[in-house]
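This chain uses plain numbering: 1 for the first residue, then up along the sequence.
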Amino acid sequence: HYNRMNVMGFSEVLRALPTIWRNMRQARALLRKWRPDALILVDYPGFNLAVAGYAHKLDIPVHYFISPKVWAWKEWRVRKIKKTVDRMYSILPFEEEFYRRHDFRAEYVGNPSVQEVAESMGHIPPRKHFMERQGLTDERPIIALLPGSRRGEIRNNLPLMVEAAKRFPEFQYVVGAAPSVPEKFYREVAQDPGLRLVFGCTHTLLKYSRAAVVVSGTATLETALIGTPQVVVYRANGSRLSYNIMSRLLKVNYVSLPNLIVGNAIIPELLLDRCTVQS
């Protein structure tokens, strides 16, 4: 299950290595046994590019949906992609030109978030029904907190999000929780007796929120599509050294998808040591 593979950071990856290696052995064994007509890989480059390489050795055509973010960092991975991937399907419009410069063709097929948001907005309940269904009796306007779907992200970002939201007592704050993470974990991390969470209705929460604090990722694009003003954050360990290292590794000026797509800082980004309650 992806829950057991969805890890970031050195320590989390290290703890997950036995699971990752076991899944890799299983994936290779299934490819040898089934010899499919094609292999379709989705995102997750650390694992999937290794699977692509093995499939290539077996002469199995590899189709890759959602390109690895090689334009941001680890550009050397393009060489492996060119060698092992037969068709690349991109969800970001500027990736076609990036791969073209590397003499490789990527096909822009649109972003699934656009359709997902459009569909959910077409079936959105009235605000009163949403509030009643989620047990939100507070009448103050809402600040939505979206701390990510990985436990490490939630652990690093949620406490600061809560403390920052508390600086605006005229608002209430509500967490858009990931269905794969239990409520108990959020409460242990936040250490906030009054913490309010909603599961499985993040788009509706964003629609009825005055503003949002969002961890960098797909949720930033969904928030922009819904039209809710947002601040993008990413804490990690919050050290200045980490920020300096990251700024040298990244080959892009922004990390949030809306800023990357338009090529401009339309959304504030508070990263690592710049991600503080005061900011």
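For Glu139, the CD atom sits in a loose shell: 12 or fewer heavy atoms of surrounding residues, nucleotides or ligands are nearer than 6.0 Å. Within 6.0 Å of atom CD1 in Ile40, 12 or fewer heavy atoms from other residues, nucleotides or ligands are found, so the atom counts as exposed in its surroundings.
With hydrogens and angles left out, the side-chain atoms of Tyr173 and Asp138 include no donor and acceptor closer than 3.5 Å.
For the pair Glu269 (side chain) and Val255 (backbone), a donor-acceptor distance under 3.5 Å is present. Counting only distance, with no hydrogens or angles, the side chain of Ser90 and the backbone of Ala106 share no donor-acceptor pair below 3.5 Å.
A 4.5 Å side-chain heavy-atom check between Asn264 and Asn259 finds every atom pair outside the cut-off. Side-chain contact between Val51 and Leu31 is present, with heavy atoms from C-beta onward closer than 4.5 Å. Counting heavy atoms from C-beta on, the side chains of Ile81 and Val70 come closer than 4.5 Å. Considering only heavy atoms from C-beta on, Thr137 stays 4.5 Å or farther from Met131 through its side chain. Within the 4.5 Å cutoff, no side-chain heavy atoms of Arg133 are placed close to those of Thr204. Side chains of Val233 and Val214 form no contact here, defined as non-hydrogen atoms less than 4.5 Å apart. Using a 4.5 Å heavy-atom threshold, the side chains of His102 and Glu75 count as touching. Looking at heavy atoms from C-beta onward, Val232 lies out of side-chain contact with Tyr254 at the 4.5 angstrom threshold.
We find the NZ-CD1 distance between Lys57 and Ile60 to be 12.5 Å, quoted to the nearest 0.5 Å. Note: Glu96 CD to Arg105 CZ = 7.5 Å, rounded to the nearest 0.5 Å. Distance check, rounded to the nearest 0.5 Å: CD of Glu97 to CZ of Arg101 gives 5.5 Å. Between the CG atom of Leu270 and the SG atom of Cys275 there is a distance of 6.0 Å, given to the nearest 0.5 Å. Note that the CD1 atom of Ile66 and the CG atom of Asn111 stand 7.5 Å from one another [nearest 0.5 Å]. Here the CD-CD1 distance, from Gln230 to Ile143, works out to 13.5 Å after rounding to the nearest 0.5 Å.
In summary, Arg140 and Glu170 do not engage in a salt bridge, as defined by a charged side-chain N under 4.0 Å from a carboxylate O.
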Hey, can you pull the donor-acceptor pairs under 3.5 Å for the side chains in residues 215-223, sequence neighbours left out?
residue : atom : partner : partner atom : Å
Thr220  : OG1  : Gly217  : O            : 2.7
Thr223  : OG1  : Ala219  : O            : 2.7

Solution key, residues 114-125 side-chain donor-acceptor pairs under 3.5 Å, sequence neighbours excluded:
residue : atom : partner : partner atom : Å
Gln115  : NE2  : Glu119  : OE2          : 3.0
Ser120  : OG   : Glu116  : O            : 3.2
Ser120  : OG   : Val117  : O            : 3.0
Ser120  : OG   : His203  : ND1          : 2.8
His123  : ND1  : Glu119  : O            : 2.8

Using a 3.5 Å cut-off and no angle test, enumerate the donor-acceptor pairs between side-chain atoms of residues 157-165 and protein atoms at least two apart in sequence or in another chain.
residue : atom : partner : partner atom : Å
Asn157  : OD1  : Arg235  : N            : 2.8
Asn157  : ND2  : Glu153  : O            : 2.8

### Task
I would like to know whether Asp192 and Arg187 meet side-chain contact (heavy atoms from CB on, under 4.5 Å); could you show each step before the answer?
CA-CA 7 Å; Asp192 179 12; Arg187 298 202 178 280; over 6 Å; no
### Query
Can you check side-chain contact (heavy atoms from CB on, under 4.5 Å) on Arg28 and Met24, steps first, answer last?
CA-CA 6 Å; Arg28 289 176 172 176; Met24 181 63 69; 3.9 Å; yes
### Query
How far apart are the C-alpha atoms of Asp43 and Asn48, what are their side-chain angles, what is the distance that settles it, and do they pass the side-chain contact (heavy atoms from CB on, under 4.5 Å) test?
CA-CA 7 Å; Asp43 206 355; Asn48 278 339; 5.5 Å; no
#### Entry: side-chain contact (heavy atoms from CB on, under 4.5 Å) assessment of Tyr64 paired with Leu49
CA-CA 9 Å; Tyr64 207 123; Leu49 285 178; 3.9 Å; yes
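Of all heavy-atom pairs between Pro68 and Glu95, the closest is O-OE2, 4.4 Å. The shortest heavy-atom contact between Ala27 and Phe47 is CB-CZ, 4.5 Å. The shortest heavy-atom contact between Phe199 and Ala178 is CE2-O, 3.6 Å. Across all non-hydrogen atoms, the minimal contact from Val174 to Val198 is CG1-CG1, 3.9 Å. When all heavy atoms are compared, the tightest approach of Pro147 to Val175 is CD-CG1, 3.9 Å. The nearest pair of heavy atoms linking Pro182 to Ser180 is CD-O, 4.0 Å.
The residue from Tyr89, Tyr108, Tyr99 that alone fulfils the side-chain hydrogen bond (donor to acceptor under 3.5 Å, both in side chains) condition with Ser67 is Tyr99.
Annotation: cation-pi pair Arg210/Phe171 absent, no NZ/CZ under 6.0 Å from the ring centroid and within 45° of its normal.
Between Phe94 and Trp71, the distance separating the two ring centers is shorter than 6.0 angstrom.
Hydrophobic clustering places Tyr44 together with Val78 (ILVMFWY residues linked when any side-chain heavy atoms are closer than 4.5 Å, directly or through intermediates). The cluster map of Ile, Leu, Val, Met, Phe, Trp and Tyr, joined by side-chain heavy atoms under 4.5 Å apart, puts Val109 and Met88 in the same cluster. Linking Ile, Leu, Val, Met, Phe, Trp and Tyr residues whenever their side-chain heavy atoms come within less than 4.5 Å places Phe104 and Phe65 in a single cluster. No path of Ile, Leu, Val, Met, Phe, Trp and Tyr side chains, each step under 4.5 Å between heavy atoms, connects Val277 with Val231, placing them in separate hydrophobic clusters. Hydrophobic clustering, with ILVMFWY side chains joined whenever heavy atoms are under 4.5 angstrom apart, groups Leu58 together with Val62.
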